[in-house]
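Working notes for the structure below.
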2 protein chains.
Amino acid sequence: MARPRQIDRAAILRASLAIADERGVDALTMQAVADHLGVTPMALYRHVENKQDLLDGVVESLLDEIAPSSDDDPWDEQLSKMGQAIRAAARRHPTVFPLLLQLPATTPGARRARARVYRSLRRAGVAADDLERVERLISTIVLGFAASEVSGRFRAHSRKALDADYAALEDLIRRGLAPYLG
Amino acid sequence: MARPRQIDRAAILRASLAIADERGVDALTMQAVADHLGVTPMALYRHVENKQDLLDGVVESLLDEIAPSSDDDPWDEQLSKMGQAIRAAARRHPTVFPLLLQLPATTPGARRARARVYRSLRRAGVAADDLERVERLISTIVLGFAASEVSGRFRAHSRKALDADYAALEDLIRRGLAPYLG
DNA sequence: ACCTGAACACCGTTCAAGT
DNA sequence: ACCTGAACACCGTTCAAGT
């Protein structure tokens, strides 16, 4: 428990995510983060603008956890893997993940994540004109489901039931997307 | 601006929603609600358990705003109207609405809202065994979109672009649901 | 350049006291 | 039965001061 000398933005965001995962996003206070890093709360303001900036940073850091699926897989497989990766990230960070739906899609991390989906869709045969719209539809559906399942909305449902729901959702997306896959 | 003598749970939730709509959910404090009602913050605790209970109540009150569509309309029309009603409610309450995705679906208001969709789906020909799953899929998709569009995720998009996105989403749902409509 | 001490305004909540 | 005053622990944030 020696105090780490390197306190920078990345370390602050890492500590913040850990606190939110362990004790919930409500326990994510400037003081808790400072304690975790062996520093006073005021020291954080050198590296983050304020609490909202810190929170935005934490939410955005989730995007980098959604691993790019292998480009070699067929379209179906890529959709499947992306869904599982997103659901797994949601489960790892149940109180922070739902905030992704509120994150402006113009941040660097959001752009990177979108670029990966664009590539998948292009290889699947989606026309250039439809690319952005299709990406918005898919990500909205998948994020909405993942947020719902980790944040209490489906609290009464077993993991097995949620998996079956998600499989049905994936089928629905596949059918719904058929016209775009030309 | 005479202080209303009737301070009960309903009045508290109404005042809370008004404050959140005007100044954002972050401005929804016990003190702000008390001020709005001409009372001290401590008086609220007679009618709500605590801040979280108040917030839950406010979120749940949104569900009652999603008007039941007319039973006479054909299935397509009902889906359309439900979507518009939900998006309109989201626009009226942009900072509170996204919390719907976190509200346990076991509250009375949530049950009522679901019952309405069940009836629609049954009339559309969805088998009894598929009813609950189909409802979960549809509401997840529509809530996810509505939350996204009012909470900054699509901040860069015009109202026209969002309407077009939603139309595409509705088409996608229709195609995806076809197998269930037997 | 980076962290700290002291201070401020605000927040949720409790409890005994008032009516 | 219902509201209030006083009080507490905690929160985000600023700023001058330390190293």
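Reminder, nothing fancy here: chain letters follow the sequence lines and each chain counts from 1. These numbers come from the heavy atoms of this one structure, side chains and all, not from hydrogens, waters or symmetry mates.
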Task: Test item: B:T95 side-chain N/O and B:D26 main-chain N/O as donor-acceptor pair under 3.5 Å - done: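 Not a single qualifying donor-acceptor pair exists.
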
- [ ] Ignoring hydrogens and angles, tell me if any N or O in the side chain of B:E65 forms a donor-acceptor pair with the backbone of B:A89 under 3.5 Å.
- [x]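 Between the backbone of B:A89 and the side chain of B:E65 there is no qualifying donor-acceptor contact (under 3.5 Å).
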
Open item on the list: We want to know whether B:D56 and B:Q52 form a side-chain donor-acceptor pair, criterion being a heavy-atom distance below 3.5 angstrom.
Closed with: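 The criterion, which ignores hydrogens and geometry beyond distance, is satisfied for B:Q52 and B:D56.
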
Open item on the list: Whether the A:R153 and B:T140 side chains hold a donor-acceptor pair (N or O, under 3.5 Å, no angle test) is what I'd like checked.
Closed with: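 Checked: A:R153/B:T140 side chains pair up, N/O donor to acceptor below 3.5 Å.
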
Minimum-distance nucleotide (side-chain atoms of [X] versus [options]):
X     : options               : result
A:R46 : C:dC2, D:dC3, D:dT13  : C:dC2
B:V39 : D:dC3, D:dG12, D:dC15 : D:dC3
A:A43 : C:dC3, D:dC3, D:dT4   : C:dC3
B:Y45 : C:dT4, C:dT13, D:dG5  : C:dT13
B:I7  : D:dC3, C:dT13, D:dT14 : D:dC3
A:N50 : D:dT14, D:dG5, D:dT13 : D:dT13

Task: SB check B:R159 B:D163 (cutoff 4.0 Å) - done: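 So B:R159 pairs with B:D163 through a salt bridge.
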
Open item on the list: Any side-chain N or O of B:H47 below 4.0 angstrom from OP1/OP2 of D:dC2?
Closed with: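 Answer is no, no contact under 4.0 Å.
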
Between [atom2] on [N] and [atom1] on [X], what's the gap in Å once rounded to a whole number?
X     : N      : atom1 : atom2 : result
A:L44 : D:dC11 : CG    : P     : 13 Å
A:D35 : C:dC3  : CG    : P     : 15 Å
A:D8  : C:dA1  : CG    : P     : 17 Å
B:M42 : D:dC8  : CE    : C1'   : 13 Å
B:I12 : D:dC3  : CD1   : P     : 8 Å
B:Q52 : C:dC11 : CD    : P     : 17 Å
B:L54 : C:dC11 : CG    : P     : 14 Å

Open item on the list: How close do A:A20 and A:L28 get, counting heavy atoms only, and between which atoms?
Closed with: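 For A:A20 versus A:L28, the nearest heavy atoms are CB-CD2, 4.3 Å.
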
TODO: Specify the closest pair of heavy atoms between A:G144 and A:L101, including all atoms of both residues, with the distance to one decimal.
DONE: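 Looking at all heavy atoms of both residues, the shortest contact is CA-CD1, 4.3 Å.
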
Open item on the list: My understanding is that only residues two or more places apart in sequence, or in another chain, count here; which of them pass salt bridge (charged side-chain N to carboxylate O under 4.0 Å, His left out) with A:R9?
Closed with: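 Here the qualifying residues are A:D53.
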
Task: Nucleic acid contacts - residues 13-32 of chain B versus DNA chain D, non-hydrogen atoms under 4.0 Å - done: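 Correct list: empty, so none.
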
Open item on the list: What I'd like to find out is whether the side chain of A:V48 reaches to under 4.5 Å of the side chain of A:M30, using heavy atoms alone.
Closed with: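 Yes - at least one pair of side-chain heavy atoms lies under 4.5 Å apart.
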
Task: Nucleotide pairing, DNA chain D (Watson-Crick or G-U, distances under 3.5 Å), in dot-bracket with [ ] and | - done: ||.|||||...|||||.||

